Amino acid sequence: MTQTSVHRLAMLPFGMLNAFLLVRQGRAMLVDTGLPGAQPRIERALRAQGLGWSDLALIVLTHAHIDHAGSAAQLQRHTKAPLILHRDELAYAQGAKPLLKPSGPFGWLFHKTGAIERPFEPVTPDRLMTAETLDLAEYGFSAHLVHTPGHTPGSLSVVLDGGRVIAGDLLASGILLGGIALRGRPKSPPFEEDSAAVAASLHRLLAMGCETFYLGHGGPLPAVAVRRHIDRLQR
Ligand SMILES: [Zn+2]
Ligand SMILES: [Zn+2]
């Protein structure tokens, strides 16, 4: 079977914010959309793979914070690709103020800037994920979505073949917003609604055989680093 290739879209420098373009047999899936105004960046990424908007088969949002869902509504106008979001994330996608529970000092500082609370254009998904898992075979990908709550209630992860997973903001690495330095060191993202749920979700992904964790901020991290992070969360 042809493996899906994973292309990181650096939405900010130094790995501070990543989206991902997954490509298999001339079809693309976009995981997260970056901040508002990211459409030209995404178009360049498609073109770099020899693809265009009509080859985009699916858009998945790992969760509905502005740095992941900020360009989603704009993209929906631009492409016919259906957009999937988990049911428990719908309120945030439609403009409810996110519960931003800082996980540490940087989170507090970041919270004060109000940057992440900025409203963005509300998104109405074409398909709501209502189950705990969703097979993406019908969209031409050997992958499935897994509900992995904790960072937010409706966070989801994209589990691919080869032990690879795109885990959104379930965890992060690096300094500040992920990236710049120490990218191999796992940490919580600046905000985390429920640490115990994050630990359970990470356990679930490991139990499913996930070995390489691609992240919204920093990463990728190997399973051994993820286990270390779970231990810290449970201390
Ligand atoms: Zn987030
Ligand atoms: Zn984020």
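Whatever order the structure lists them in is the order used to number ligands and atoms, beginning at 1. Keep in mind the model is a prediction, meaning the values are calculated, not measured.
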Near the Zn ion (ligand 2), is there an N/O/S atom from His65 that is less than 2.8 Å away? no
Going hydrophobic residue to hydrophobic residue with side-chain gaps under 4.5 angstrom, can you get from Leu12 over to Leu9? yes
Ignoring hydrogens and geometry, is there a side-chain-to-backbone donor-acceptor pair from Glu193 to Pro98 under 3.5 Å? no
Sole candidate of His63, Lys101, Glu192 that passes side-chain hydrogen bond (donor to acceptor under 3.5 Å, both in side chains) when paired with His151: His63
Working to the nearest 0.5 angstrom, can you tell me the gap between Gln49 CD and Leu22 CG? 10.5 Å
Hey, what's the angle at the Zn ion (ligand 2) spanning NE2 (His68) and NE2 (His217), nearest 10 degrees? 110°
Could you tell me the angle subtended at the Zn ion (ligand 1) by OD2 of Asp169 and NE2 of His63, rounded to 10°? 90°
Looking only at N, O or S atoms, which one in Asp67 sits nearest to the Zn ion (ligand 2)? OD2
